[in-house]
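One structure below.
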Amino acid sequence: MFSASAWENYRAIEQPTGCALGFYLGLRYEDGFRLRNGFKKEAADVKRALITGITGQDGAYLAQFLLRKGYEVYGVVRRSSASDVMDAKLRWLGVEKDVRFVDGNLIDLSSLIRVIREVKPDEIYNLAAQSFVKSSWNQPLLTGTVTGLGAATVLEAMRLEAAGARFYQASSSEMYGMAQEPVQTEKTPFYPRSPYAIAKVYAHWMTVNYRESYKLHTTSGILFNHESPLRGLEFVTRKVTHAVAQIKLGVAEKLALGNVHAKRDWGHAKDYVEAMWMMLQQDEADDYLIATGRTTSVEDMCKMAFKYVGLNAEDYVVVDKHFLRPAEVDLLQGNPAKAKVKLGWRAKTSLEDLIEEMVEADLKRVRAQLS
Ligand code: NDP
Ligand code: GDP
């Protein structure tokens with residue numbers, strides 16, 4: 001797989017730091033030296049961001065956003081046998097060569113201490129998680145360990161190695177669960193309804209606690225569902241837009257869904273990563289809710305997607321109880337007033353435009369697979 005000289009370079013990078021992925025992902029040799037000798041800043045005024053979850057949807061959009069702002073962007077990547085495709089989302093956005101990958105895992109405190117010591121980040125965005133709610137019933141302990149304790153692990157590594165950095169925690173509207181108010185705000189009490197949401201509540205309160213206990217700049221962004229062409233196929237919007245593309249192009253006949261009456265407040269991931277950055281530019285750390293303020297049922301979102309390609313959802317959608325959950329979150333609708341006033345943030349993309357972009361991207365992908 002490696003040429004002789006490439007193999008030597010690979011070893012040069014891998015041995016001192018354990019960062020085998022660095023070369024494998026196509027980093028230049030000089031990056032190997034950077035990995036060996038500690039990262040040298042390219043200019044004194046250039047800010048450094050460290051992103052966990054860089055290979056996910058938000059990690060990719062946030063990396064693109066920060067690179068455009070002139071940041072040096074470092075992404076934590078966990079060892080995987082699928083390392084040849086791990087940068088697929090970054091590649092979709094054309095930024096895979098500009099991100100510097102570092103080897104670490106949220107369940108390994110020593111790896112995060114080493115990464116933070118070497119990178120010396122100004123801002124840390126903790127986006128890594130087992131993020132799929134339905135899987136959290138099948139893997140409750142893993143979800144608690146990565147999604148919950150993992151955040152505490154990053155916080156602890158930051159406290160020890162970069163106490164002056166600013167920290168963002170990817171909190172979730174799922175924490176509201178059985179929503180105690182019809183429209184949720186930062187003050188609405190949490191009532192989590194899944195192992196995922198419970199892990200997120202723990203991570204949220206640890207973020208608040210590190211702010212209050214150690215005076216660290218730690219912020220929790222309570223983000224409502226946000227989607228894009230880079231959303232995982234298991235999430236309902238992407239499942240729908242992908243199925244719409246397959247049905248339109250004649251490679252699928254039906255779409256099986258679970259609870260189509262659930263309502264979500266869906267926005268575009270690229271708008272939401274901007275909010276993450278805005279939060280960390282504030283002098284005082286705080287918690288912010290990020291949402292569009294509009295809620296839509298799965299059924300209506302589905303109709304929207306089918307209608308875009310000239311089809312009727314009723315002709316193709318079937319309900320399959322396999323996709324129902326042990327406990328459901330029926331309604332989420334956020335009030336982003338605080339983010340609007342304090343950050344100057346607002347959602348820019350309508351659900352119609354989001355679904356159109358996702359269907360177009362899936363049509364392109366399915367056509368490419370067929371050709
Ligand atoms: P994704 O599922 O797309 O990405 C999750 C990321 O976490 C991947 O990069 C994954 O890496 C990484 N990861 C998982 N386990 C570990 C681990 N043990 N060590 C290091 N990295 C790990 O999520 P999104 O981008 O959609 O979401 C980003 C964050 O925001 C998540 O924390 C999510 O829970 C939260 N959130 C998301 C919302 C949404 O609507 N998208 C709403 C509210 C909160 P790998 O590629 O190796 O699997
Ligand atoms: P979540 O809000 O983080 O759980 O995001 P999802 O996209 O996974 O689910 C949003 C809502 O769609 C939930 O209420 C699900 O129960 C509902 N839903 C209905 N059918 C499906 C399905 O087939 N897959 C998924 N993922 N969700 C579905």
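All ligand and atom numbering here is 1-based and tracks the order in the structure.
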Counting only heavy atoms, which portion of [X] has something under 4.0 Å from ligand 2: side chain, backbone, both, or neither?
X	value
Leu257	both
Lys134	neither
Phe323	side chain
Val133	side chain

Pairs of nitrogen or oxygen atoms closer than 3.5 Å, one from [X] and one from ligand 1: do any exist?
X	value
Gly59	no
Gly104	no
Leu106	yes
Leu127	yes
Asn105	yes
Gln130	no
Ser173	no

May I ask you to check if ligand 2 and [X] share an N or O to N or O distance below 3.5 Å?
X	answer
Asn225	yes
Val236	yes
Ala262	no
Trp266	no
Thr237	no

Could you tell me if Lys340 sits above the aromatic ring of Trp345, with its cationic atom closer than 6.0 Å to the ring centre and no more than 45 degrees from the axis?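 Negative - Lys340 is either too far from the ring of Trp345 or too far off its axis.
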My understanding is that we take every heavy atom of each candidate and find the minimum distance to [atom]. Doing that for [options], which one comes out nearest?
atom	options	answer
atom 45 (P) of ligand 1	Asn126, Thr52, Thr55, Thr145	Thr55
atom 1 (P) of ligand 1	Ser83, Ser131, Gly75, Ala128	Ser131
atom 15 (N) of ligand 1	His226, Arg231, Arg78	Arg78

Check: Asn209/Ser213 side-chain N/O donor and acceptor closer than 3.5 Å: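 Result is yes, a qualifying pair exists.
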Do you see a donor-acceptor pair shorter than 3.5 Å between the side chains of Thr241 and Asp362?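 Yes, because at least one side-chain N or O of Thr241 sits under 3.5 Å from a partner of the opposite role on Asp362.
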Do the ring centers of Phe235 and Phe132 come within less than 6.0 Å of each other? yes
Side chain to side chain donor-acceptor pair (under 3.5 Å) with Asp265: of Thr292, Thr295, Asn225, Asn335, only one passes, and it is Thr292
Could you find the nearest protein heavy atom to atom 17 (C) of ligand 2 and give me its residue, atom name and distance? Asn259 O, 3.8 Å
